Amino acid sequence: MAKNQVRPSALPKWQDCEFGNILPYAGGAKEYKTGDWRTDRPIVDASKCIKCGMCWLMCPDACIVQTEGGTYDANLFYCKGCGICAQICPKDAITMVEEGA
Amino acid sequence: MSKRVVLEASHAVAEAVRMADVDIVAAYPITPQTHIPERLAEMVADGDLDAAYVPVESEHSAMSCVLGSAAVGARSFTTTASQGLVLMHEALYIASSHRYPIVMAICNRALSAPINIWCDHSDVMACRDTGWIQVFCQNNQESFDMTLWAFRVGEDPDVMFPVMVNLDGFILSHVTEPLILPDQDDVSRFIPEYHYRLALDPAKPTSHGCFGLPDIYTEVKYSQELALRKSRSVIDKGWKEFSNIFGREYKAVETYKAEGASTLLVTMGSLGETAKMVIDERRANGEAVGHLNLRLWRPFPFDEFRDAVKDVKTLAVLDRCYSFGGPGGPVASELRSALYNQETRPHVVGFIGGIGGREVDAQAFGYMIDRANEITEKGSDDLYEPLLVRGLESGTGVRG
């Protein structure tokens with residue numbers, strides 16, 4: 001007799017999959033942490049920021065947010081570390097730093 | 001009242017789409033499918049069909065467009081052939097994975113190169129594993145009937161899969177035959193109003209096109225595979241209901257004069273009619289031969305097929321498509337695979353022919369019967385035998 005190939009798991013079983021993988025609600029991506037894909041992390045020097053908003057505009061995810069003071073910062077829950085914000089910043093206010101370094 | 005009319009199969013399909021009261025048609029014209037979208041565009045322009053007609057810029061756009069319309073719950077139709085179908089390819093999987101019951105008529109045509117506008121089954125065979133329900137038609141009446149049936153079955157809450165209706169390019173699409181058009185009330189009874197519970201709606205949001213990470217993709221795909229297999233019972237129920245209302249009977253596997261037959265010719269599509277003519281002649285000569293028409297290709301009707309051939313010695317199978325470097329034509333190799341683990345099974349002899357519009361006539365079918373019987377008697381290591389290739393001696397097979 002072959003040994004049971006199934007491993008115990010708390011994840012959904014095939015019977016629990018949504019029909020057509022269509023979710024009966026919106027905004028599921030909000031819950032999904034893409035921050036752990038990152039190798040480099042953006043560090044913002046707010047003193048150099050001129051509040052032009054280019055980083056907010058160019059960020060391909062929803063991770064650049066405006067602070068109360070009007071400057072910008074990165075929400076690391078979503079930031080994948082692509083570095084576009086650092087590249088586009090006209091004042092070099094954003095530096096990419098290796099995670100764990 | 002139903003009425004007897006004379007129509008080419010393309011116009012018959014358009015008529016079925018009109019009677020099914022679709023909400024949207026998105027299609028790009030391609031030979032030999034052109035008359036279907038042309039006729040539907042006319043119907044919409046004349047006010048005979050209350051639907052949106054979207055003259056898209058490509059077949060990929062056609063499929064993408066009906067994906068969108070299906071997502072909001074609109075009854076959606078498209079149609080194509082050949083290069084158009086293979087251009088749609090990546091989007092075909094999106095339709096079946098999302099369980100959108102789109103109906104698509106395919107006027108089967110060869111694939112390039114060399115460019116060729118005539119009939120074979122290479123286009124649909126390239127889409128075999130896209131997760132669509134796939135049926136084949138033998139004549140104009142069937143082209144009309146299968147189009148109606150496709151909406152009924154695809155939209156059933158226990159199915160919810162897209163359906164490809166295959167009709168042979170030119171041989172059916174451009175040939176005019178008499179057929180019976182049913183009463184609109186009967187069609188409306190057969191295809192009830194369609195409500196899609198997961199339709200995109202800002203008031204009640206749903207998320208279509210979600211990510212499937214490695215920790216869930218396996219389970220999602222298994223549930224899709226099982227759902228397509230389980231659609232078999234509704235597929236059969238759909239044909240039963242069809243016959244109750246309209247009087248014409250269809251089955252996944254249809255046999256002709258197969259009672260007591262030791263050899264069966266196996267075909268898909270319009271060539272079944274030529275094959276049956278040859279069977280009539282052979283039966284009149286006292287030969288134990290019959291015909292098997294494989295109407296349903298996906299999900300494959302394993303039980304019915306095995307049952308239909310259980311007392312048969314030889315299957316002479318015609319494939320209208322190459323599987324380059326493979327075990328023979330896709331149909332013959334699937335039939336062989338369906339039978340391999342059976343205790344008793346007929347000998348499967350594959351022929352590849354009728355490609356790019358090359359005629360397979362009565363003489364060729366006669367040859368297939370005799371040659372298949374000969375191979376069953378003498379045995380052969382050949383994978384298949386190409387049919388009617390100039391420069392090849394009769395009886396020359398292709399080996400592995």
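Convention: sequence-line order gives letters A, B, ...; per-chain numbering from 1. Note that the structure is predicted; figures quoted are calculated from it, not measured.
Of all heavy-atom pairs between A:Asn21 and B:Cys210, the closest is ND2-O, 3.4 Å. The minimum heavy-atom distance linking A:Ala26 with B:Pro205 is given by the pair CB-CB, 3.4 Å. Shown here for A:Lys13 and B:Glu219, the closest heavy-atom pair between the two residues is C-CG, 4.1 Å. Considering every non-hydrogen atom in both B:His98 and A:Ile22, the closest pair reads O-CD1, 3.6 Å.
Heavy-atom neighbours of B:Gln342 CD from other residues, nucleotides or ligands within 6.0 Å: above the threshold of 12. Residue B:Glu193 qualifies as open at atom CD: its count of foreign heavy atoms under 6.0 Å is 12 or below. Annotation: B:Tyr217, atom OH; neighbour count of heavy atoms from other residues, nucleotides and ligands within 6.0 Å does not exceed 12. Applying the 6.0 Å contact sphere to OH of B:Tyr28 captures no more than 12 heavy atoms from other residues, nucleotides or ligands. More than 12 heavy atoms of other residues, nucleotides or ligands sit less than 6.0 Å from atom CG of B:Asp201.
Once rounded to the nearest 0.5 Å, the distance linking CZ of A:Phe19 with CD of B:Gln224 reads 10.5 Å.
Both the backbone and the side chain of B:Ser223 come within contact range of chain A, with heavy atoms under 4.5 Å apart. Heavy atoms closer than 4.5 Å to chain A are found in the side chain of B:Tyr100, but not in its backbone. Interface remark: A:Tyr32 contributes side-chain atoms only to the contact with chain B (heavy atom separation under 4.5 Å).
Put simply, the residue from B:Thr218, B:Leu226, B:Val220 that forms a side-chain contact (heavy atoms from CB on, under 4.5 Å) with A:Trp14 is B:Leu226.
Contacts with chain A were tallied for B:Ser207, B:Gly209, B:Gly212; B:Ser207 has the most, counting heavy-atom pairs under 4.5 Å.
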